[in-house]
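Heads up: the structure comes next, in C-alpha cells.
Side-chain atoms are counted along with the backbone in the values below, which use heavy atoms only and exclude waters and symmetry mates. Naming: A, B, ... by sequence-line order, numbering from 1 per chain.
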Amino acid sequence: MDFDLNEEQKILQRSAADFLKKECPKERVRRIEETEEKYSPDLWRKMADLGWMGLHLPEQYGGTGWSFLSMAVLLEEMGYNICPGPFISTTLLGCVPLLHAGTEDQKQAILPGVASGDLILTLALAESDRGYEPSTLKVSGVRSDESWVIDGVKLFVPDALSADHILCVARTSAASEPGAGLTLFRVEKDHPGVTVTPLKTIARDNQCEVAFDHVRLGPESVIGPVDEAWPAVKAALDRAAVGRAAEVVGAMRATLDMTVAYAKERVQFGRPIGSFQAIQHYLADMWVDMLGTRNLVLQAAWKLSTGEPADREVSMAKVRAGRMGRKATTVGHRIFAGIGFTMEHDLHLYHRRTVAADFAFGDSDSYHERVARALGL
Amino acid sequence: MDFAFTKEELDFRREIEAFVKEVLPPDWDEWAVYWPGSYGTMPQLEAEFQEISRRFSRMLGEKGWLGIGWPKEYGGQGSAMKAAISGDVLSYYRFPAGGVATTIAGPTLILVGSEELKKEFLPGIASGEIGFWLGYSEPNAGSDLVSLKTTAVDDGDAFIVNGQKIWSSGAHVTEYGWVIAKTDMDAPAHKSATLMIIPNDTPGVTIKPIINICGNHSFNEVFFDDVRVPKRYVVGEVNKGFYNVMLALQFERMSVGSGGFRRVLEELVRFARETERDGRPLSEDPRVRKALAAIAVEIEVFLTFYWQSAWMQDRGQVPELEASALKLVFTELSVKLADTAMDLLGPFGLLDKGSKRAPFGGRVGMGYLDAISGPIGAGTSEIQKTILATRGLGLPRKK
Ligand SMILES: Cc1cc2nc3c(=O)[nH]c(=O)nc-3n(C[C@H](O)[C@H](O)[C@H](O)COP(=O)(O)OP(=O)(O)OC[C@H]3O[C@@H](n4cnc5c(N)ncnc54)[C@H](O)[C@@H]3O)c2cc1C
C-alpha cells in the first residue's frame, strides 16, 4: 500500500494550486457565475495551455496520457478554489465514452480539439425522473433509412450552453436486459431541432434542458455499438462521479481552512471562539470527515485507474462525498454565523456546490443502492 | 497511491487465516460475543476464557506473530503492515488472544524501556507467556489523568506505592500492572508522575472485581497498600510518566480489531437475505439496503485509516494525531454498527446470550450495550476531538 501521491502528481497538485490561486480568485469566480454559460473562455484557454484538458488523454490525441488518479488530484485543487466551467463535462462525460467506444476517426475528429482547448463537450443523459439508471431513459432514437431521428427531452445536462458537441444517450430498442437498448449519438449543439434552455440553479452552475425535436443524424454520429452504449456511458459516469467527489474533498478542505482561521481570530467573551469546545469539536469532526472522504475518493480514483471493476469503490466515494460535503459546509455556516449568511462572504459559494454535488450524476440514495448491490444485497 | 496489498502481504494473510481456521474450536462463534471497537466483551479479559486464550497466545508466540511489528533486533519483522494484517484476521475470527502486553507494553518498552527491562519482559511478551493490565484511571482521575492521587515514594532501591486504580481491565487475569503513580509531590503536575511495572503478586496489591453492563467481569478496582516496587521496574525516566503514558496511549489507540467490523457486516447482510418479513426477504426493503450500505461506507472509511496508520508507521512516522483520529472513528463506528444491527433485528436484537431464538447467539444485544464503552475507554471521544482540534488544527486552548 502507498497512501502518498507520486512525484508527478505532487507537482501537478502544487502547480494547480498556485495557478488557481492566482487565476481563479473568488472575485473571478463570482464574475464567471454572472455569465449565462458559467464559464470564462480566457481561463479555459489558460487551463488548456497547462495541458489540463488532455491530462488523461493518450498522447496520439494531443494528451499527456496520465491516469485518472491524476485527474482526481487536479479536480481536488479545482474544488478547493471553485474553478467554474465545463471541465468535468468535457474531459470526463465527453471524452471518456469516445475513448471507450469511439472509432479512430471519431477520436481523431474530437479529442485533439479538446486537448487544445478548442472543443467543449457534454453528455445528455438524465430525464424527467432524474435517474441515472439505464431503465429510466426514454428519449428515443429511431432508425430511418441510413439515418437516425432523435426525439425527447434531456434534463440536468451540464454545461450545454458552452458545449460544442452534445453526446446524447437515446433508447434505440426495448431493453432486453438492464442497460441494453441504448445508443450514444454525437450532436452538434446548433443542429436543427436541438433547443438548449438553461435551468437556473442555486449552485450557480450551468444546468440545461436539452430538447430534441426530430433531430436527424447520419450514421457517423453513432458512437460505439448500436444498442450497447451503456458500458461506455457508465465508464464516463463513474469517472465524473468520482471527479465531482474529488472537487467536494477540495471544497471540504477549503471550508476547513477558512473556518479554522476564523475560529482563531474571531473573539467573543474575551477569547477566540476556537477555544470553545463546541467549536473545537465541530472542527475536529470536519477534519476527520474530510480525511476519510479523501481516502475513499483517492481509493476509487486509484481503482478506476487500474482498470479493475470499481463499482463498490466509486459508489462509496460518491455517496460519502455527497453527504459529508454538505455536512462540512453546513457546519461551516454554524461557525461563521451571521457574517457567513451574507452574499459578500465566500462560504456560500462552497455550500451551493457541495449540495449540488450530492445530486450530481445520481443522488445519494442511488449510490447507496449501488453499494447495497456490491455488498450482495 | 496504491491501495492493494503486496503478494507477500497476501500470502501472510492466507497463512494466518489457515492457522486460525485450523485451531479455533468449531463452535467458537457461539461463545465469542465480542463486539468490535469496544472494551467490555473481549474473551481475553474473562476468567472463563483464560485457558483457551493463553493457549492461543502461546501458539501465536511460537509462530512469531505476537511481536511481528517489532523491530528485528527484538525478534519481530519490523512490519506494522503485517501486524495490522494479523490484527485484521484475528479480529475477523474473534480470535481470543493478544492484548495490552503485545500491543501496548511491548512497543512502549522497546521505545523507552531500559535494557534490563527489555531483557526481562520482551521475550515473555513475544511468546505469549505474560499479560499486562493498564493502571492509569483512578476514581477521581479519568479524563483528567494528571490529577491522579496514587503515590510512589522513594525508598532507596524501590518505590513504595499507595493508592487506588479503577477500571483496570484484565487485572484479574494477567500478571503485571502498567501503572502510573505520583513520584514528585512538589513538581508541576505533568512532571510529577512515573510509569512502572508492578507484579500482581507483590504483597499489598488487592484486586476486586467490577461487573460491567454486559454482565462480564472484565475490569477491576486495584488497591495498593505499601507496595514495594523495585526501581528497575520504572519504565522510561522517573517523573516522565505522563509522557510515557501518552506514547503508550498512541499504541493503544491504534490497536483496533478491524476485521470484526467486516465480519459483523457480512453477518448482517446474510441475515437480511435469509430473513423474511411480510413475505419477502429483508434485503429487498430499500430502508434495509440503505442502512447497510451506509454502514458499509463508514467501515470502508475506517479501514482506510487503519491501513494508513500502519503504512505511516512503516515509513517511520509517528501517528500521534492519526492515532486519535483512528480511535475516534472506530469507537464511534462501533456504536453506529450496533445501532444499525439493532434496527435491522428489531426485537430479536434484544434477545440475550443464551436465549431461545437469539440471532447470532445474542451478539447484537450484547454488542449494543458494549458499544457504549468504545467512545469512553482509552480517552473519550470528547478528549480525542479536543486533541485533534488543539494539537492538530492549532485551535487555542482555554485559558
Ligand atoms: C470498558 C472500559 C474499560 C476500561 N479499561 C481501563 C483500563 O484497563 N485501565 C485504565 O486505566 N482505565 C480504563 N478505563 C477507564 C477509561 O480510560 C476512563 O473511563 C476514561 O478515561 C474516562 O474517564 P471517566 O470515566 O472518569 O470519565 P470523566 O473523565 O469523568 O468524563 C465524564 C464525561 O466528561 C467528559 N469530559 C471530561 N473532561 C472533559 C474535557 N476536558 N472536555 C470535554 N469533555 C470532558 C468526558 O468526555 C465524559 O463525557 C476503562 C473504561 C471502560 C469503560
Part of [X] within contact of chain A (heavy atom distance under 4.5 Å):
{"X": "B:I387", "result": "neither"}
{"X": "B:W311", "result": "side chain"}
{"X": "B:M81", "result": "side chain"}

Output the residues of [range] for which the shortest heavy-atom distance to chain A is under 4.5 Å, in residue-number order; output 'none' if no such residue exists.
{"range": "residues 329-344 of chain B", "value": "B:V329"}
{"range": "residues 293-300 of chain B", "value": "B:A293, B:A294, B:A296, B:V297, B:E298, B:E300"}
{"range": "residues 315-323 of chain B", "value": "B:R315, B:L321"}

In terms of heavy-atom contacts, does [atom1] of [X] have more than 12 from other residues, nucleotides or ligands at under 6.0 Å?
{"X": "A:Y132", "atom1": "OH", "answer": "yes"}
{"X": "A:K21", "atom1": "NZ", "answer": "no"}
{"X": "B:F348", "atom1": "CZ", "answer": "no"}
{"X": "A:R373", "atom1": "CZ", "answer": "yes"}

* To do: Hey, could you give me each pair passing ring-ring contact (aromatic ring centres under 6.0 Å, His included) that has a residue in residues 241-297 of chain A? Not counting sequence neighbours.
  => A:Y262-A:F336
* Test log, rule side-chain hydrogen bond (donor to acceptor under 3.5 Å, both in side chains), inputs A:Q280 and B:T390 -> CA-CA 8 Å; A:Q280 291 185 345; B:T390 54; 5.8 Å; no
Rounded to the nearest 0.5 Å, what separation is found between the [atom1] atom of [X] and the [atom2] atom of [Y]?
{"X": "A:L375", "Y": "B:E266", "atom1": "CG", "atom2": "CD", "answer": "9.5 Å"}
{"X": "A:D2", "Y": "B:D314", "atom1": "CG", "atom2": "CG", "answer": "11.5 Å"}
{"X": "A:I279", "Y": "B:L393", "atom1": "CD1", "atom2": "CG", "answer": "13.0 Å"}
{"X": "A:L377", "Y": "B:L282", "atom1": "CG", "atom2": "CG", "answer": "10.0 Å"}

* Could you give me the CA-CA distance, side-chain angles and deciding distance for A:E369 and B:R289, then say whether side-chain contact (heavy atoms from CB on, under 4.5 Å) is met? => CA-CA 7 Å; A:E369 174 53 29; B:R289 299 173 72 80; 2.8 Å; yes
* Taking B:S381, B:A291, B:G394, B:S324 one by one, which has the highest count of heavy-atom pairs under 4.5 Å against chain A? ->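 The candidate making the most pairs under 4.5 Å is B:G394.
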* To do: Under 4.5 Å, counting heavy-atom pairs only, tell me which of B:Q384, B:E9, B:E284, B:Q308 racks up the most with chain A.
  =>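 Looking at each of B:Q384, B:E9, B:E284, B:Q308 in turn, B:Q308 comes out on top.
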Heavy-atom pairs under 4.5 Å with chain B: which of [options] has the most?
{"options": "A:L69, A:L298, A:I273", "result": "A:L298"}
{"options": "A:D285, A:L5, A:L256", "result": "A:D285"}
{"options": "A:M316, A:Q299, A:R323", "result": "A:Q299"}

* Asked: At a heavy-atom separation under 4.5 Å, does A:V319 approach chain B through its side chain, its backbone, both, or neither?
  -> side chain
* Asked: So which part of A:R312 gets closer than 4.5 Å to some heavy atom of chain B, the side chain, the backbone, both or neither?
  ->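 Side chain only.
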* Pair A:N295-B:V301, side-chain contact (heavy atoms from CB on, under 4.5 Å): steps then yes or no -> CA-CA 7 Å; A:N295 277 354; B:V301 167; over 6 Å; no
* To do: Could you go through the side-chain contact (heavy atoms from CB on, under 4.5 Å) check for B:M1 and A:D4 one step at a time?
  => CA-CA 5 Å; B:M1 283 279 155; A:D4 217 357; 5.8 Å; no
* Check the angle between the aromatic planes of B:F3 and A:W302 and answer parallel, tilted or perpendicular using the 30° and 60° thresholds. => tilted
* Asked: So, for B:R273 and A:G376, which heavy atoms are closest and what is the spacing to 0.1 Å?
  ->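 Of all heavy-atom pairs spanning B:R273 and A:G376, the closest is NH1-O, 2.9 Å.
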* Measure across B:L388 and A:A284 and return the closest heavy-atom pair with its distance rounded to 0.1 Å. => CB-CB, 4.0 Å
